[in-house]
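Working notes, beginning with the structure itself.
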Amino acid sequence: VMQLSEIKFGKGYLEFYHDTNLKHIEHDAKFNDSMSFFELAEYWRNSGDLKKAQAFYQKAFSNFEQWSKMGDPTAFYYLGYFYQYGYGVK
């Protein structure tokens, strides 16, 4: 049994999101889903492909920025995350 910290970081994260979950997330991203962009960015960052990760972080950032203008508290949380770590921001 994996611990939550093992799922969210490194090898555990990759195992958790590989194959079936990754295909579902990629499918949802086709419909401009903010969380799917974020999850794909995290997946690629943990895989070591920072170029792909940055592209998905930028898409997620743009979407969450739009949601924040409508007062969505979840969007504010993710925007803070992006700014804190410099993901998807210029």
Side-chain angles (χ1 to χ4, degrees):
V1 175
M2 276 193 225
Q3 300 295 317
L4 182 60
S5 62
E6 292 175 307
I7 291 173
K8 283 296 184 185
F9 302 102
K11 185 179 176 188
Y13 187 92
L14 297 177
E15 289 175 7
F16 182 74
Y17 279 100
H18 211 285
D19 295 329
T20 305
N21 286 335
L22 184 60
K23 288 176 186 172
H24 289 293
I25 294 167
E26 288 172 333
H27 175 267
D28 291 347
K30 292 176 185 175
F31 298 97
N32 204 32
D33 179 66
S34 304
M35 283 305 300
S36 295
F37 291 146
F38 176 76
E39 292 292 344
L40 286 170
E42 293 285 287
Y43 174 82
W44 290 114
R45 182 176 59 83
N46 281 292
S47 296
D49 192 334
L50 300 182
K51 188 174 181 177
K52 276 188 180 178
Q54 187 64 9
F56 282 111
Y57 279 127
Q58 288 172 347
K59 289 178 181 182
F61 179 87
S62 177
N63 282 10
F64 283 124
E65 193 172 44
Q66 291 174 16
W67 282 105
S68 72
K69 292 176 183 174
M70 293 182 259
D72 185 291
T74 303
F76 288 109
Y77 168 81
Y78 283 101
L79 288 176
Y81 177 85
F82 295 136
Y83 280 114
Q84 180 178 1
Y85 295 104
Y87 300 145
V89 297
K90 294 179 182 179

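Every residue meeting the side chain to side chain contact (heavy atoms under 4.5 Å, CB included) condition with T74, not counting sequence neighbours, appears here in chain and number order: D72, Y78. Applying the side chain to side chain contact (heavy atoms under 4.5 Å, CB included) criterion to E26, with sequence neighbours excluded, gives L22, L40. Qualifying side chain to side chain contact (heavy atoms under 4.5 Å, CB included) partners for S34, counting only residues two or more places apart in sequence or in other chains: N63, F64, W67. By the side chain to side chain contact (heavy atoms under 4.5 Å, CB included) test, Y85 pairs with Y81, Y87, sequence neighbours left out.
Distance CD1/I25 to OH/Y43: 9.5 Å, rounded to 0.5 Å. To the nearest 0.5 angstrom, H24 atom NE2 is 11.5 Å from S36 atom OG.
Counting non-hydrogen atoms of neighbouring residues, nucleotides and ligands closer than 6.0 angstrom, the OH atom of Y77 reaches no more than 12 such neighbours.
S68 approaches A75 most closely through the heavy-atom pair N-CB, 3.6 Å.
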If you look only at distance, which donor and acceptor atoms sit under 3.5 Å apart when one is on a side chain in residues 51-61 and the other is two or more places apart or in another chain?
residue	atom	partner	partner atom	Å
Y57	OH	E42	OE2	2.2
Y57	OH	R45	NE	2.9

